[in-house]
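Each remark here refers to the structure printed beneath this line.
Here, residue 1 is the first one in the sequence, and each next residue gets the next number.
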Amino acid sequence: MSKNLVDTSTIRGWGADANSDNDPTFPIRHRESLETRGLTWPRPAQQNSDIEILQSIEHNRRPAVIGTSTPPSGISGMIRRYAFRRSESDWLHWLLLMGADRMNVVEGVIEDLGKGHVPNIPAEMGARAEWKHNKKGLVTKVAVVAGLTTATILVFRARRFKDQAKPGNADMLALSAPETFS
């Protein structure tokens with residue numbers, strides 16, 4: 001790599017935006033000072049909403065047309081409301097929204113079970129498509145979930161057995177031990 005200085009006047013197009021009077025991005029950069037704010041059409045009337053619409057703190061007004069497929073409700077709605085009190089540039093805002101999405105899934109499963117409908121979770125998660133297009137990934141996921149489930153069960157059983165084996169729990173051991181008949 002050369003450390004020699006380059007004469008930029010010999011490079012075609014270099015410094016094209018250096019002259020602020022000939023700045024091609026001027027209308028885009030400085031719209032807020034203009035009366036029309038860059039609009040070349042009349043703003044449509046604001047749509048009325050009968051449901052709660054969450055709005056970023058960075059915007060002073062809603063767009064003319066608004067809507068939501070899932071109005072905030074339950075625990076996920078509380079998480080979303082809290083997230084929208086934070087700036088969009090804050091990573092916690094986005095983490096809270098992702099967490100609210102996951103909580104909404106759990107709430108949906110609980111709602112389905114409450115209505116007497118047992119959801120087919122593998123089908124809803126796309127297990128058939130995953131098996132068709134990504135067998136190795138699906139097998140890996142199933143193995144990881146099975147391993148974590150087995151490890152969790154073993155830890156809880158070991159902890160319960162350890163609690164029962166304490167000296168003060170001799171009567172618990174006698175109750176849990178199988179009886180032998182002679």
Donor-acceptor contacts, no H, no angles, side chain residues 134-144, under 3.5 Å, sequence neighbours left out:
residue, atom, partner, partner atom, Å
Asn134, OD1, Gly137, N, 3.2
Asn134, ND2, Glu130, OE2, 3.1
Thr140, OG1, Lys136, O, 2.8
Lys141, NZ, Glu130, OE1, 3.3
Lys141, NZ, Glu130, OE2, 3.4

Cluster question for you: counting only ILVMFWY and a side-chain heavy-atom cut-off of under 4.5 Å, with indirect links fine, are [X] and [Y] together?
X	Y	value
Met98	Ile79	yes
Met78	Leu54	no
Met103	Leu96	yes
Ile75	Tyr82	yes

Work out which heavy atom in [X] is nearest to a heavy atom in [Y]; give both atom names and the distance.
X	Y	value
Thr10	Asp7	OG1-O, 2.6 Å
Glu107	Gly74	OE2-C, 3.6 Å
Ser76	Ser73	OG-O, 3.1 Å

TODO: Begin with the C-alpha distance, continue with both residues' side-chain angles, and end with the deciding distance and a verdict on side-chain contact (heavy atoms from CB on, under 4.5 Å) for Arg80 and Asp101.
DONE: CA-CA 9 Å; Arg80 288 180 204 284; Asp101 287 344; 2.8 Å; yes

Task: Sequence neighbours excluded, every pair satisfying ring-ring contact (aromatic ring centres under 6.0 Å, His included) that has a member inside residues 105-138 - done: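 Residue pairs passing ring-ring contact (aromatic ring centres under 6.0 Å, His included), neighbours aside: none found.
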
- [ ] Would you give the length of the straight line joining atom CG of Leu92 to atom CG of Leu97, rounded to the nearest 0.5 angstrom?
- [x]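 One finds 9.5 Å between CG of Leu92 and CG of Leu97.
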
Task: Residue pairs involving residues 89-99 (criterion side chain to side chain donor-acceptor pair (under 3.5 Å); sequence neighbours excluded) - done: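 Residue pairs with at least one partner in residues 89-99: Arg86-Asp90, Ser87-Ser89.
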
Task: Side-chain heavy atoms of Glu52 within contact of Pro71, under 4.5 Å - done: no

Open item on the list: For Arg128, is the CZ atom crowded, meaning more than 12 foreign heavy atoms sit under 6.0 Å from it?
Closed with: no

